[in-house]
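Step one of this worksheet: look at the structure below.
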Amino acid sequence: VYCTNENQVGIDMGIKYFATTSDGEFIDNPKFLNRQLRKLKTEQRKLSRKFKKGEQQSKNFHKQVKVVARLHKKVVNARKDFLHKQSTYFASNYSTVVHEDLKVSDMVQSKYSKHISDVSWGTFLAMLSYKTNVIKVDPAYTSQTCSCCGYVDKDNRKTQDKFKCVSCGHKENADFNAAKNILKLGASSVNV
């Protein structure tokens, strides 16, 4: 455990923002794969043109395989570096991190699979768990619950980034609202 103080933070993982904290911090999603996608497509196209079906592959084909592999490795290394830096930041500044108990492997089957894989939530959450104290909470309704009055309704969150409580009228960024709810759930699970 890195941190010695008793600070707690709730984290809402996302696609637009990598993470939003209950302290109001929005960590941008670096989108490592998107940055390299154009170059990757070009190099993979070159590779497919050099492939000769049913024949021994040329030296140029094998050189191109290495070029494509280097690009993939660059993306993986950049992503891993970012995840280590973020998890170390949380471990250094907070004694306890509360996050949703996400079933990332199931979520990868959705229409957002490419984005979720690029963000690597599973790897980040695993890094957090060995660097600091982690509390996992049930993700059900965290984004539909008002952090002020506690009213739960799917109409509270009509858009991806705007939250407006239909009961008390509280307005806030939806991810920030969810992060506060996650922190409350974590605090209540400790006190039980």
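Predicted, not measured: the structure shown is a model, and the values here were computed from it.
Taking every heavy atom of both residues into account, Val137 and Val98 meet most closely at CG1-CG1, 3.7 Å. When all heavy atoms are compared, the tightest approach of Cys146 to Asn156 is N-ND2, 4.2 Å. The shortest non-hydrogen separation linking Phe163 to Thr145 is CZ-O, 3.5 Å. A pairwise comparison of heavy atoms in Thr142 and Asn177 identifies O-ND2, 4.4 Å as the closest pair. In plain terms, the two heavy atoms of Ala78 and Phe32 that are nearest each other are O-CZ, 3.5 Å. Taking every heavy atom of both residues into account, Asn133 and Ser95 meet most closely at CB-O, 3.2 Å.
Under 3.5 Å, the side chains of Thr20 and Glu25 contain no donor-acceptor pair of N or O atoms. For the 3.5 Å distance criterion, the side chains of Ser147 and Asn181 fail to qualify, holding no donor opposite an acceptor. A donor atom on one side chain and an acceptor atom on the other are not found under 3.5 Å apart for Lys16 and His115.
Ring-plane geometry between Tyr17 and Phe26 is classed as tilted, the angle between the planes lying from 30 to 60 degrees on a 0 to 90 degree scale. Phe51 and Phe61 have tilted rings, their planes meeting at an angle from 30° to 60° on a 0 to 90° scale.
Lys31 has no carboxylate O lying under 4.0 Å from a charged side-chain N of Asp118, or vice versa, which leaves the two without a salt bridge. The residues Lys103 and Asp101 are annotated as salt-bridged, a charged nitrogen and a carboxylate oxygen being separated by less than 4.0 angstrom. Residues Glu172 and Lys162 are not paired through a salt bridge, judged by the lack of any N-O separation under 4.0 Å between the basic side chain and the carboxylate. Checked for salt-bridge contact, Lys85 and Asp81 meet the test: a charged N lies under 4.0 Å from a carboxylate O.
Taking NZ of Lys164 as the start and NZ of Lys158 as the end, the distance is 10.0 Å to the nearest 0.5 Å. Taken to the nearest 0.5 Å, the CG atom of Asp23 stands 8.0 Å off from the CG atom of Asn7. Of the inter-residue distances, the one linking Leu183 atom CG with Ser188 atom OG reads 9.5 Å to the nearest 0.5 angstrom. In this structure, Ile135 CD1 and Ile182 CD1 are separated by 12.5 Å, a value rounded to the nearest 0.5 Å. The line from CG of Leu37 to NZ of Lys41 is 4.5 Å long, rounded to the nearest 0.5 Å.
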Task: Candidate pair Phe82 and Phe18, rule ring-ring contact (aromatic ring centres under 6.0 Å, His included), full reasoning - done: CA-CA 11 Å; Phe82 171 78; Phe18 170 72; 5.0 Å; yes
Open item on the list: Please determine whether side chain to side chain contact (heavy atoms under 4.5 Å, CB included) holds for the pair Gln36 and Lys39, giving the CA-CA distance in whole Å, both sets of side-chain angles, and the decisive distance to 0.1 Å.
Closed with: CA-CA 5 Å; Gln36 297 290 333; Lys39 198 170 184 181; 4.1 Å; yes
Open item on the list: Would Cys165 and Cys148 count as a side chain to side chain contact (heavy atoms under 4.5 Å, CB included) here? Give the steps.
Closed with: CA-CA 9 Å; Cys165 181; Cys148 282; over 6 Å; no
TODO: Step by step, work out the side chain to side chain contact (heavy atoms under 4.5 Å, CB included) result for Phe124 and Val119.
DONE: CA-CA 9 Å; Phe124 173 71; Val119 176; over 6 Å; no
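Residues Trp121 and Ile15 have side chains in contact (heavy-atom distance under 4.5 Å, counting atoms from C-beta outward). A heavy-atom distance below 4.5 Å is found between the side chains of Leu40 and His72. Glu43 has its side chain out of reach of Arg38: every pair of non-hydrogen atoms, C-beta onward, lies at least 4.5 Å apart. Between Leu47 and Val65 the shortest side-chain heavy-atom distance falls below 4.5 Å. Looking at Asp153 and Tyr151, their side chains come closer than 4.5 Å, going by heavy atoms from C-beta outward. The shortest distance between side-chain heavy atoms of Lys131 and Ser92 does not fall below 4.5 Å.
Counting non-hydrogen atoms of other residues, nucleotides and ligands closer than 6.0 Å to NZ of Lys136 gives a total of 12 or fewer.
Pro139 pairs in a side-chain contact (heavy atoms from CB on, under 4.5 Å) with only one of the listed residues (Met13, His99, Glu100), which is Glu100. If you run side-chain contact (heavy atoms from CB on, under 4.5 Å) between Lys50 and each of Lys59, His62, Gln57, Gln64, only Gln64 comes through.
In this structure, Asn173 contributes its side chain and Asp175 its backbone to a donor-acceptor pair below 3.5 Å. Arg157 contributes a side-chain N or O that, together with a main-chain N or O of Gln160, makes up a donor-acceptor pair within less than 3.5 Å. Under a 3.5 Å cut-off, the side chain of Ser120 and the backbone N or O of Ser117 do form a donor-acceptor pair. Formation of a donor-acceptor pair under 3.5 Å by the Thr132 side chain with backbone atoms of Leu128 is not found in this model.
Under a hydrophobic-cluster definition in which Ile, Leu, Val, Met, Phe, Trp and Tyr are linked whenever side-chain heavy atoms come within less than 4.5 Å, directly or via other members, Val76 and Leu71 are assigned to different clusters. Hydrophobic cluster membership differs between Leu185 and Val152, with clusters built from Ile, Leu, Val, Met, Phe, Trp and Tyr side chains linked at under 4.5 angstrom. Note: the hydrophobic cluster containing Leu125 also contains Tyr89 (ILVMFWY, side chain heavy atoms under 4.5 Å, direct or indirect links).
A cation-pi arrangement, defined by a distance under 6.0 Å to the six-membered ring centre and an angle within 45 degrees of its axis, is present between Lys180 and Phe176.
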